There are 2 protein chains.
Amino acid sequence: MANIKDIAKIAGVSVTTVSRVLNNHPYVSKEKKEAVLQAMEEYNYQRNINAVHLSKGKTFLIGVVIPFTNHPYFGLLVEGIAKEAVKYNYKLVLFQTNYEVVREIEALEMLQHKQIDALIICSRSCGWDLIDEYLEYGPIIFCEDSRGRNVSSTFIDHYKCFYNALEYLYDKGHRKIGYCVGRKSGTNSRQREKAYRDFLDKEHLSFDPDYIFYECLKFEDGVKVVQQLTRMDNPPTALLVTSDIVAAGMITYCKEKGILIPDDLAIMGFDNQPVAKIMHITTLEIPLVEIGEKLFLQALDSRSNSHEEINVKLIERQTV
Amino acid sequence: MANIKDIAKIAGVSVTTVSRVLNNHPYVSKEKKEAVLQAMEEYNYQRNINAVHLSKGKTFLIGVVIPFTNHPYFGLLVEGIAKEAVKYNYKLVLFQTNYEVVREIEALEMLQHKQIDALIICSRSCGWDLIDEYLEYGPIIFCEDSRGRNVSSTFIDHYKCFYNALEYLYDKGHRKIGYCVGRKSGTNSRQREKAYRDFLDKEHLSFDPDYIFYECLKFEDGVKVVQQLTRMDNPPTALLVTSDIVAAGMITYCKEKGILIPDDLAIMGFDNQPVAKIMHITTLEIPLVEIGEKLFLQALDSRSNSHEEINVKLIERQTV
DNA sequence: GTAATTTATGAAACGCGTATCATAGCAAGA
DNA sequence: TCTTGCTATGATACGCGTTTCATAAATTAC
């Protein structure tokens, strides 16, 4: 396979001139440019991108850390990142971590080794101490409130969101309110728990650990939650469900079991996924695609750190 | 940032020796190895992976082309690929194409430019003529029957599957059978249509184009299909639905509308996703994770082409 | 005891495109 | 006419790790 040197020789020019042609540098005469292009054509020249990367010190790859690819929340987030990446001619390397720290480290190491130019962490298991070790190697962007840290982030204020949603349910008359989240630990979950406890305190409601449901990620997890509810002596009358698809599972199963929504159980979903519209789920619209886009742009801007808070919108439908 | 030359100088050895230490080559004395390691430690040496890539001519990246990331079918497929990739220390570059040919070309070009070592195409829009242009640059692996072509593949015989499934429904007494697929064109859809038509011919049943539903990918698409059914004068009594999640949508909506399953409408799903179990969907189990694993291994083996057919298993539950 | 291996080490070439610097011709402005 | 400044081109260094080849010393083999 021909390289730039071969092309230069064949076209009777220097490698510099060939490089100029490759990069559309203006200072190349028409004749030489022609000759170079023809030589490239003739020998089916392919620029070795690894040499470019070595020379330029960047790869036009951006790493994206997500726990699951087949989850609508992360699906939309990635969609947003990808949308913007295309514009800037960047490609994405997806790291599906299943919340395993070793996988997160793999991603961080790729940043360290300059195999990716930046890393977007949409959700993580590892601690900040680990992150800090890798900050020197390139930009790391977060989809969680990381104000006060030396990184960029685009985030939802989950504390505020949750608090407002709880107040909304309270105003609708609910006093036994529970919630479902994806996992127990994690920044977002902690913020939500804090909001939940603060809210309970304010309204002088008692805290019941059984009102919190973890590991709610998929349609079938919603079914499981309802199954648990039916076994409870004093089940909640309303639930905040942090994924519409889980809410959809709950509603489906409730219908099967004759549990009336919202009368027996009020459900507020999150994300405003398409399924929410179809199933008339009252939900908090989170502009995930937009968040993804912003995350990407922050990843590109390696010099300055910024923090963007994104607002959510309540979509009132028929499940509360 | 220190490079291999600096480390060599500091440790008082040649770059070759440093390289040997980096690659665990046996012929390095204990003392020199120590010295090198210490120098690396002290200067926080990071091997420039792009230089390695340039030198080795490979990147340990494998491209994966999928139309959608947030779809359970492709989610599981990618899971299988990723599972195997980890073992071999490869990373994946995911190309979400939305079935746009330009995106597929992007992936092919990354192969051409040696930015990825191989490309796995799980589903495509482009034609074989385009693929053929890129075959010379590296292995391209397919998740569709591509026997007779100069590539590797792991696939389901969708013709056989569909035909068998149709016979199963026929044996259950159904004479008005329709089906739902993801998209109209595409290798799999064509195979299925052929099976459908051949089956109708064999059983002397007439072909009704309204019995075929396209663009069925998500939960909400299932809802739409049922809505269409209710508007039909002579709707099918049984449907093959090529995704459990779509079947789940159909069943959910049927329940809402009082359509009895399987009496009014029999539904056979595909994939045996978790949702199929929960909703008691009769389905064809497709071992997607296993297929993903095999695809990856084929991608690694660049010299020989192979074709593996994967068998499916009927899981009888309550929707047929 | 000499030949054949094995161990240990380094110089230099290689993979390949980009960036800097130097050079030279030519045109516009003073 | 002389100075700038732009156009055009190439030599060379650079980014950096791997690999080949050569050499020397230390073992093992016969």
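What you see is a predicted model, and the numbers here were worked out from it, not measured in a lab. Order of the sequence lines sets the chain letters (A, B, ...), proteins ahead of strands, with each chain counted from 1.
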If you restrict it to nitrogen or oxygen atoms, what contacts under 3.5 Å exist between nucleotides 20-23 of chain C and the protein, and what is each distance?
none

Write down the protein N/O and nucleotide N/O pairs, taken from nucleotides 26-28 of chain D, whose separation is under 3.5 Å; answer none if there are no such pairs.
none

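Remark: B:Gln298 engages B:Thr154, B:Ser306 in a side chain to side chain donor-acceptor pair (under 3.5 Å) (not counting sequence neighbours). Qualifying side-chain contact (heavy atoms from CB on, under 4.5 Å) partners for A:Lys56, counting only residues two or more places apart in sequence or in other chains: A:Val52, A:Lys58. Partners of A:Leu217 according to the side-chain contact (heavy atoms from CB on, under 4.5 Å) rule, which considers only residues two or more places apart in sequence or in another chain, are A:Phe68, A:His71, A:Asp221.
Between A:Ile4 atom CD1 and C:dC14 atom P there is a gap of 17 Å when expressed in whole angstrom units. Atom pair B:Leu54:CG and D:dG17:C1' shows a separation of 9 Å (rounding to whole Å applied). B:Leu22 has its CG atom 6 Å from the P atom of D:dT18, to the nearest Å. In this structure, A:Asn48 atom CG and C:dT18 atom P are separated by 10 Å, rounded to whole Å.
Contacts of B:Asn50 with the nucleic acid, taken as non-hydrogen atoms under 4.0 Å apart, are absent. In this structure, A:Thr17 reaches the sugar-phosphate backbone alone: every heavy-atom distance under 4.0 Å involves primed, P, OP1 or OP2 atoms, never a base. No engagement by B:Val18 is indicated, since no non-hydrogen atom pair under 4.0 Å with the nucleic acid exists.
Remark: A:Lys114 is not in phosphate contact with D:dG15, judged by side-chain N or O atoms under 4.0 Å from OP1 or OP2.
The listed nucleotides are D:dT18, D:dG17, D:dA11; the one nearest the side chain of A:Ser14 is D:dA11.
Side-chain N/O atoms of B:Thr16 and B:Ser19 include no donor and acceptor closer than 3.5 Å. When only modelled atom types and interatomic distance are considered, B:Thr187 and B:Arg124 share a side-chain donor-acceptor pair under 3.5 Å.
Contact of A:Ser55 with C:dG17 (side chain to base): a donor-acceptor pair of N or O atoms is detected under 3.5 Å.
The terminal axes of the helix from C:dG1-D:dC30 to C:dA30-D:dT1, fitted over 5 pairs per end, subtend an angle of 30° to the nearest 10°.
A 4.5 Å side-chain heavy-atom check between B:Ser146 and B:Trp128 finds at least one atom pair inside the cut-off.
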